[in-house]
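Notes follow the structure.
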Amino acid sequence: MGKLLANVFYEPSTRTSCSFNAAMLRLGGQVIQVKASTSSVKKGETLQDTIRSLECYTDVTVLRHPEKSSVARVSAHCENPILNAGDGAGEHPTQALLDAYTIYRERSAMPEGLTITMVGDLKFGRTVHSLARLLTMFPNNNYQFISPGELAMPEYVTAVLDAAGVTYTSASELSEEVLGTSDVIYVTRIQKERFECQETYERLKGCYCVTPEVMAKAKADCVLMHPLPRVGEISEEVDSDPRAAYFRQMKNGMYIRMALIALVTGSN
Ligand code: NCD
């Protein structure tokens with residue numbers, strides 16, 4: 001393919017960064033890695049200038065940045081395609097694509113007519129914002145949002161669901177009824193780095209832990225997902241449960257990103 005991708009990360013990442021990298025290499029392209037800690041960002045350069053500079057050398061940009069809406073903002077000044085790899089507590093659209101694809105692969109059916117339960121930090125967790133919105137494009141899904149009151153799904157997301165006529169319930173307990181009616185259980189990490197008050201984080205961390213006992217109450221064919229990294233929300237004993245899809249989910253990320261890069265660079 002002979003094209004070059006700028007992989008620009010202003011926040012920590014293992015899966016997203018490496019899977020974009022692997023995706024580009026597997027397509028036969030090459031990658032320039034840019035970390036904020038070693039670039040001219042340290043000299044005070046604006047995000048817009050950094051991205052526009054990298055565009056002079058490359059064909060496609062992947063950007064992760066801690067500020068909500070930053071990728072959309074900078075894209076107005078971009079000439080090359082730019083892929084949002086996570087913008088703070090905002091969105092994570094490529095993760096939503098791989099999540100939807102994972103549901104499709106795990107169930108061998110389109111992600112429609114499902115009860116999808118999202119658990120954990122729904123306020124700061126960008127993966128669930130994008131996934132909840134994406135799945136409104138498929139008919140007859142409904143959601144169960146399980147979070148502490150302080151970490152509820154933001155209104156800008158529920159407004160999209162309301163407009164699409166999608167139904168949802170909100171609760172703080174991962175109850176037997178919730179588990180027994182879920183086709184997909186999507187667990188998220190409490191986003192420590194987004195809390196203004198670390199005491200609140202300390203109080204809320206560990207509020208959910210999916211163990212084999214919890215899974216015993218879930219449907220036999222439910223799909224258990226997590227964008228990873230996990231920090232105790234799913235116990236390692238659950239990993240051998242055939243319903244635990246998170247490592248397969250992670251691998252799907254590389255294929256989805258290969259498809260996306262090929263699409264936006266016109267290499268498909
Ligand atoms: C997520 C992220 O960065 O938003 N991880 C990922 O991209 N696979 C989830 C998280 O950090 O909790």
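Throughout, numbering of the chain's residues begins at 1 and tracks the sequence. Start at 1 and go down the list; that is how both ligands and their atoms are numbered.
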Interfacing atoms of ligand 1 (cut-off 4.0 Å, heavy-atom, Q95)
6 (C), 7 (O), 8 (N)
A student comparing R189, R64, R230, H226 should find that the heavy atom closest to atom 11 (O) of ligand 1 comes from R189
Ignoring hydrogens, just give me the one of T16, V128, D121, L228 whose non-hydrogen atom is nearest atom 9 (C) of ligand 1.
L228
Do we see a donor-acceptor contact under 3.5 Å between the side chains of E213 and T211?
yes
Give yes or no for whether the N/O distance cutoff of 3.5 Å, strictly under, is met between H92 and ligand 1.
yes
Cation-pi, F20 ring and R257 (6.0 angstrom, 45 degrees)
yes
T50 and E45: side chain donor to acceptor below 3.5 Å
yes
Check the side chains of T61 and N80 for a donor-acceptor pair under 3.5 angstrom, ignoring hydrogens and angles.
no
Tell me whether P229 has any N or O atom under 3.5 angstrom from an N or O of ligand 1.
no
Is it true that, when you exclude E236 itself, more than 12 heavy atoms of the residues, nucleotides or ligands shown sit nearer than 6.0 Å to its CD?
no
Hey, does Q191 sit under 4.0 Å from ligand 1 if you only count heavy atoms?
yes
D87/R126 ion pair, N-O < 4.0 Å:
no
Just distances here: any N/O of E193 and N/O of ligand 1 closer than 3.5 Å?
no
Just by distance, no angles: are the side chains of R189 and H226 close enough, under 3.5 Å, to form a donor-acceptor pair?
no
Give me the nearest non-hydrogen protein atom to atom 8 (N) of ligand 1 as residue plus atom name, then the distance to 0.1 Å.
P227 O, 3.0 Å
Under a 4.0 Å heavy-atom limit, does M250 contact ligand 1 with its side chain, its backbone, both, or neither?
neither
Among all the protein's non-hydrogen atoms, which is closest to atom 3 (O) of ligand 1, and how far away is it?
R126 NH2, 2.9 Å
